[in-house]
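Beneath this line is the structure, given in structure tokens, with notes to follow.
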There are 2 protein chains.
Amino acid sequence: MKRITIKEVANLTGLSIATVSYVLNGKGNISEDTQKLVHEAVSQLGYVPNYSARSLVNRKSNLIGVVIPQAQPGSTLMFENPFYSEILSSIEYTARKNGYHIMISGTNADEKYLQLAQQRNLNGIIIIGMYNSDSYAGLEKINIPLVLVDSYVDNHHFHTIKINDRYGGYIATRYLIERGHRKIAFLSGALHESSVNMQRLEGYYDALREYNIPGDERRILTGQINFDSGMRLAERMVDTLDVSAVFCTADILAIGVIKRLNSEKRVVPERISVIGFDNLNIAHYCIPGLTTVGQDVYKKGEAAVNAVLNHINHPENAKEEISLPVSIIERESVRTIA
Amino acid sequence: MKRITIKEVANLTGLSIATVSYVLNGKGNISEDTQKLVHEAVSQLGYVPNYSARSLVNRKSNLIGVVIPQAQPGSTLMFENPFYSEILSSIEYTARKNGYHIMISGTNADEKYLQLAQQRNLNGIIIIGMYNSDSYAGLEKINIPLVLVDSYVDNHHFHTIKINDRYGGYIATRYLIERGHRKIAFLSGALHESSVNMQRLEGYYDALREYNIPGDERRILTGQINFDSGMRLAERMVDTLDVSAVFCTADILAIGVIKRLNSEKRVVPERISVIGFDNLNIAHYCIPGLTTVGQDVYKKGEAAVNAVLNHINHPENAKEEISLPVSIIERESVRTIA
């Protein structure tokens with residue numbers, strides 16, 4: 001299928017390529033008659049503007065990059081935690097509604113990615129869950145709107161979308177305490193300095209302090225944020241700890257815990273209560289239904305795209321800092337004890 | 001951050017922009033000395049080639065489009081079925097390893113998408129689960145390698161990656177029959193003419209015929225491929241049918257069935273056996289673990305990307321037609337009856 005080029009539009013109209021290009025990109029001071037002439041020729045010839053060409057002219061690729069850091073280099077496990085697919089679904093939908101497309105990369109937001117972002121003329125970058133320890137030197141030098149989701153990296157060059165993770169950790173733990181639990185384990189992914197997990201741990205301690213319950217470091221178990229790690233941590237927990245409840249900082253961890261504990265006989269919630277974090281679909285799928293700290297993953301993705309679009313339209317505005325609410329979603333995995 | 005352009009490389013080397021461009025795109029017959037000169041200047045200046053510019057020259061965008069048709073227009077529910085996120089994870093990983101990126105679109109592969117594919121100079125398109133009833137007129141006219149995953153649309157212009165869905169339906173049903181079941185329900189999404197569901201239904205009938213079990217149309221229940229539909233179909237099934245087992249054509253449907261049947265008391269597998277299809281992660285997460293027809297979703301995604309890459313390197317070759325194996329994955333959701 002031969003492609004109609006801008007040259008043919010120029011030939012048909014008798015205008016220069018530059019003038020046609022100005023009209024198509026809405027630039028320059030072109031008379032209405034000329035504009036009409038160009039648009040008629042475009043529609044007559046069936047000319048489809050080329051993003052690559054437009055991108056060279058006006059740096060508008062209509063492409064937003066989404067970066068999902070990998071736990072391990074070369075990992076295929078971008079979707080080990082369904083949180084990523086849920087937020088990606090929302091980002092894709094919001095971008096599409098606004099005439100943008102998304103390019104996803106399961107990689108770190110390192111120098112190589114920034115080079116790629118320039119090569120592709122990305123109009124925005126959304127990075128999900130970046131830690132302080134990730135290489136992000138140079139990020140602030142890039143002249144592309146940049147949105148960090150779920151990151152406590154402190155930098156006013158970035159837009160940030162998150163929830164109050166510390167408060168989430170606090171209400172999860174308080175919920176267990178109010179139901180009679182005193183011996184509460186904390187199961188989490190790695191506790192990086194600027195990670196959401198670290199914040200949720202702070203909230204856990206906040207609640208213990210409020211109720212004068214002494215903390216016990218042995219009850220803090222860390223692994224990775226995936227199902228298998230949840231199974232392994234559950235095993236370690238029942239083997240070594242005397243606890244009546246556990247707060248898991250991710251639903252996918254909690255699902256692993258319940259699978260391990262309930263496969264032979266029903267331990268959750270009869271002997272051990274479990275509360276999760278995220279309110280993903282799987283929290284609803286499992287039996288017993290998972291009581292969890294609910295966040296609106298859909299809104300989080302939407303807010304991230306909107307931050308990019310707002311920046312494109314008003315680059316002079318201050319960086320957005322959005323914190324979305326959290327609340328307890330009650331299902332059947334927590335029991336009240338005496 | 002000011003961007004170094006090809007012009008500055010040309011200035012530094014004393015060569016023309018065209019010559020520098022030839023070297024960078026590996027075209028033309030350029031002497032080794034000149035090539036060396038260009039590469040040294042590129043590295044000295046820190047020049048980053050621009051994909052948009054390269055794309056104009058050699059039509060190489062290194063971008064592969066992945067289309068995930070929506071059940072309903074404007075739907076956000078691209079990831080209603082975790083199958084999509086699992087195959088996307090594999091597609092992203094395989095593309096990344098090979099220096100490609102993926103652009104995902106939750107849309108139909110209609111004329112508008114084809115226009116977009118040209119605008120972006122996509123180097124390949126992977127379409128997942130297209131039905132005959134989808135608008136795909138014009139697809140074969142596009143000069144971009146096109147891979148259909150899980151589609152029975154009959155067209156030699158496309159590469160196709162699928163599994164033997166009919167055989168999968170057959171072994172699922174046979175597995176239940178061999179364990180004493182005679183009254184077997186079939187739960188599925190819409191039975192479009194060229195859909196995998198229709199093929200799996202054929203396989204269901206194949207097994208019934210082999211064992212001289214009369215088919216009963218009332219036992220065929222259809223809804224959508226998602227969790228809520230599984231819950232609703234389970235309710236209809238127990239209200240209106242006398243069955244001892246059910247074959248669900250997707251794990252996500254089976255998970256909904258089990259949730260609905262087991263929430264109050266354990267019905268699966270004690271009173272009703274359930275077998276799924278896909279072997280997604282959730283089949284392993286749930287309690288009881290879901291016995292299912294396993295397909296290698298990872299390999300499916302990998303094969304789709306490889307078909308694109310093979311086409312790019314050898315456009316003269318015949319279209320690929322790959323059928324991946326299926327097998328029963330035994331867990332705890334099926335019981336042997338007398």
From B:Ile68 atom CD1 to A:Ser89 atom OG, the distance as rounded to the nearest 0.5 Å:
9.0 Å
Contact origin within A:Ile252 toward chain B - heavy atom pairs under 4.5 Å
side chain
Out of curiosity, B:Ser85 OG to A:Asn81 CG, how far, rounded to the nearest 0.5 Å?
10.5 Å
Heaviest contributor of heavy-atom pairs below 4.5 Å to chain A, chosen from B:Lys97, B:Lys259, B:Met103, B:Met231, is B:Lys259
In this structure, CG of A:Leu63 is separated from CG of B:Leu63 (nearest 0.5 Å) by 6.5 Å
Evaluate the side-chain proximity of A:Asn62 to B:Arg120: yes if any heavy-atom separation is below 4.5 Å, no if none is.
yes
Less than 4.5 Å to any heavy atom of chain A: does that hold for the side chain of B:Ile282, its backbone, both, or neither?
side chain
CD1 of B:Ile287 to CD1 of A:Ile255: how many Å apart, nearest 0.5 Å?
8.5 Å
Which atoms of B:Asp228 approach chain A - backbone, side chain, both or neither, heavy atom under 4.5 Å:
side chain
The reported gap from CD1 in A:Ile104 to CG in B:Leu88 (rounded to nearest 0.5 angstrom) is 4.5 Å
To the nearest 0.5 Å, what is the distance between CG on B:Leu116 and NE2 on A:His101?
4.0 Å
